[in-house]
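In what follows, a single structure is set out as structure tokens and then discussed.
As a basis for the values below, the full set of heavy atoms in this structure was taken, side chains included, without hydrogen atoms, waters or symmetry mates.
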Amino acid sequence: MIKSRYSKVESLKIMGSAPNQALGPNIEILVWNVFKCRKKGWLKDFTTLIHDKNLVLLQEAVLNSSFDNLFNASSEHQWIMASSFMSIKTSIETGVKTGSTVAAVEHYFSASAHGEPITKTKKMLLATVYPLDHLKQSLLVINVHAINFVSFEKFKAHMDQISQTLEHHNGPILLAGDFNTWNGKRLKYFNELATSFLLEEVEMTRQPRLNHLFQHLDHIYCRGLETVDAHVHTQIHSSDHYPISLSLRTLSPADIKQP
């Protein structure tokens, strides 16, 4: 019997402080799977990329690491970390982390129903809600790292957890992260789920990667938000995923489609 290197955590921690009262009308965003902050140069790239960002969505983020003080002492962002598992050897927790220049008024996390083969580690969904400056509505942000090396049925079960989170929000939505859509069947199901809630995918120029089977795993979907610009930082190599910077603008309530 193989002894597991990981233990289940499934907990949430809030760090740092947010200086602003509301997001918008212009919202600057970073989405990045940071590969557990393992690669050389990650810290320098990260601090540069988040400098002007209102929202930061990280996957494979870590807690109980040498980088903790960066988040604990932050006065530019409130950080919410949803951990799904911990290394028994190092006590470092892994999960998804969302940072914002505005404090969340609600937060919710949910681990995948199934675990990855061998490691048995689960993937995580983190939902946060933020006030918008000129709207009575709020913004729902869903940060996802989807389950990977499992059957389609287990992948579908994780996607359905996203659906359950989306159905309770009537206002603007940002759905983003690493969805591990490395085959057509997965991508088709995910696209159908997103469009059923009137979410539109943000288009961007990308560079396929061999280790992702030349498929795009990272996606950004929006509702009630206008895409101003999207840029993939293909020059940055301090993770096995490229960071994505995104500029959005809020719409007036009359222009927002309702599901």
Side-chain angles (χ1 to χ4, degrees), residues 12-32 46-59 61 70-82 96-109 125-144 162 165-177 194-195 197-204 218-233 243-259:
L12 183 143
K13 183 174 181 180
I14 300 176
M15 300 156 281
S17 59
N20 300 331
Q21 299 301 310
L23 292 172
N26 299 307
I27 307 174
E28 300 296 324
I29 299 160
L30 175 72
V31 179
W32 195 13
F46 178 71
T47 52
T48 300
L49 286 165
I50 68 167
H51 174 65
D52 59 348
K53 299 300 187 292
N54 306 110
L55 285 170
V56 181
L57 282 68
L58 307 177
Q59 302 82 47
L70 174 68
F71 302 98
N72 288 325
S74 175
S75 59
E76 297 299 321
H77 298 88
Q78 177 198 66
W79 295 96
I80 301 181
M81 169 88 179
V96 296
K97 184 182 291 182
T98 299
S100 175
T101 53
V102 174
V105 294
E106 295 179 49
H107 49 71
Y108 163 83
F109 72 94
L125 171 160
L126 172 62
T128 45
V129 178
Y130 303 98
L132 293 171
D133 71 334
H134 68 290
L135 303 176
K136 293 181 179 179
Q137 293 174 311
S138 55
L139 173 66
L140 170 63
V141 177
I142 305 178
N143 182 357
V144 178
I162 299 172
T165 305
L166 288 167
E167 66 186 11
H168 297 298
H169 189 78
N170 293 323
I173 293 172
L174 172 66
L175 169 64
T195 54
F197 290 96
L198 302 181
L199 292 161
E200 297 181 356
E201 184 164 17
V202 173
E203 296 183 3
M204 60 193 90
D218 304 306
H219 301 275
I220 302 171
Y221 280 78
C222 298
R223 186 179 80 195
L225 300 162
E226 177 188 3
T227 302
V228 178
D229 184 55
H231 177 69
V232 182
H233 298 271
I244 303 170
S245 289
L246 180 69
S247 298
L248 299 178
R249 184 180 296 122
T250 56
L251 299 174
S252 67
D255 293 328
I256 298 174
K257 298 177 182 178
Q258 297 297 329

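- Taking OG1 of Thr98 as the reference point, atom CD of Gln78 lies at 10.0 Å (rounded to 0.5 Å).
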side-chain contact (heavy atoms from CB on, under 4.5 Å) between Ile80 and Leu12: does it pass, once the steps are laid out? CA-CA 7 Å; Ile80 301 181; Leu12 183 143; 3.7 Å; yes
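- No donor-acceptor pair under 3.5 Å is formed between the side chain of Glu76 and the backbone N or O of Ala18.
- To the nearest 0.5 angstrom, Ile50 atom CD1 is 14.5 Å from Ile29 atom CD1.
- Taking NE2 of His219 as the start and CD of Glu201 as the end, the distance is 6.0 Å to the nearest 0.5 Å.
- Considering only heavy atoms from C-beta on, Ser138 stays 4.5 Å or farther from Tyr130 through its side chain.
- Annotation: side chain of Asn54 is not in contact with side chain of Val102 (no heavy-atom distance under 4.5 Å).
- Leu55 and Ile27 make their closest contact through CD1-CG2, 4.0 Å (heavy atoms, listed as atom of the first residue, atom of the second, distance).
- Minimum heavy-atom separation, Ser75 to Pro19: O-CD, 3.7 Å.
- Taking each heavy atom of Ala61 and Met81 in turn, the nearest pair found is O-CE, 3.4 Å.
- When each of Leu140, Val31, Leu248 is checked for a side-chain contact (heavy atoms from CB on, under 4.5 Å) with Leu174, only Leu248 meets the rule.
- Atom NE2 of His51 has 12 or fewer neighbouring heavy atoms from other residues, nucleotides or ligands inside a 6.0 Å radius.
- You'll find the side chain of Asp218 stays beyond 4.5 Å of the side chain of Trp32, heavy atoms only.
- Here the closest heavy-atom approach between residue His107 and residue Ile14 is recorded as NE2-CD1, 3.7 Å.
- What you find for Leu57 and Ile142 is that their closest heavy atoms are CD2-O, 4.1 Å.
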side-chain contact (heavy atoms from CB on, under 4.5 Å) for His233 and Leu49? Distances and angles first, verdict last. CA-CA 10 Å; His233 298 271; Leu49 286 165; 3.6 Å; yes
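- Side chains of Ser100 and His77: no donor on one and acceptor on the other come within 3.5 Å.
- In this structure, OG1 in Thr128 is found 13.5 Å from OH in Tyr108, a value given to the nearest 0.5 Å.
- Remark: Met204 CE to Leu246 CG distance equals 7.0 Å, nearest 0.5 Å.
- Not a single donor-acceptor pair under 3.5 Å links the side chain of His169 to the backbone N or O of Val141.
- With a 4.5 Å cut-off on side-chain heavy atoms, Leu30 and Pro243 count as touching.
- Considering only heavy atoms from C-beta on, Trp79 stays 4.5 Å or farther from Lys13 through its side chain.
- Remark: the backbone N or O of Phe197 is paired with a side-chain donor or acceptor of Arg223 at under 3.5 angstrom.
- Side-chain polar atoms of Ser247 and Glu28 form a donor-acceptor pair below 3.5 angstrom.
- Of the inter-residue distances, the one linking Leu166 atom CG with Leu175 atom CG reads 6.0 Å to the nearest 0.5 angstrom.
- Looking only at side-chain heavy atoms (C-beta outward), Asp133 and Pro25 come within less than 4.5 Å of each other.
- In terms of heavy-atom proximity, Gln137 sits nearest to Gly171 at NE2-CA, 3.7 Å.
- Counting heavy atoms from C-beta outward, Ile173 and Leu139 have side chains that stay 4.5 Å or more apart.
- If you check the side chains of Asn143 and Gln59, you find a donor sitting under 3.5 Å from an acceptor.
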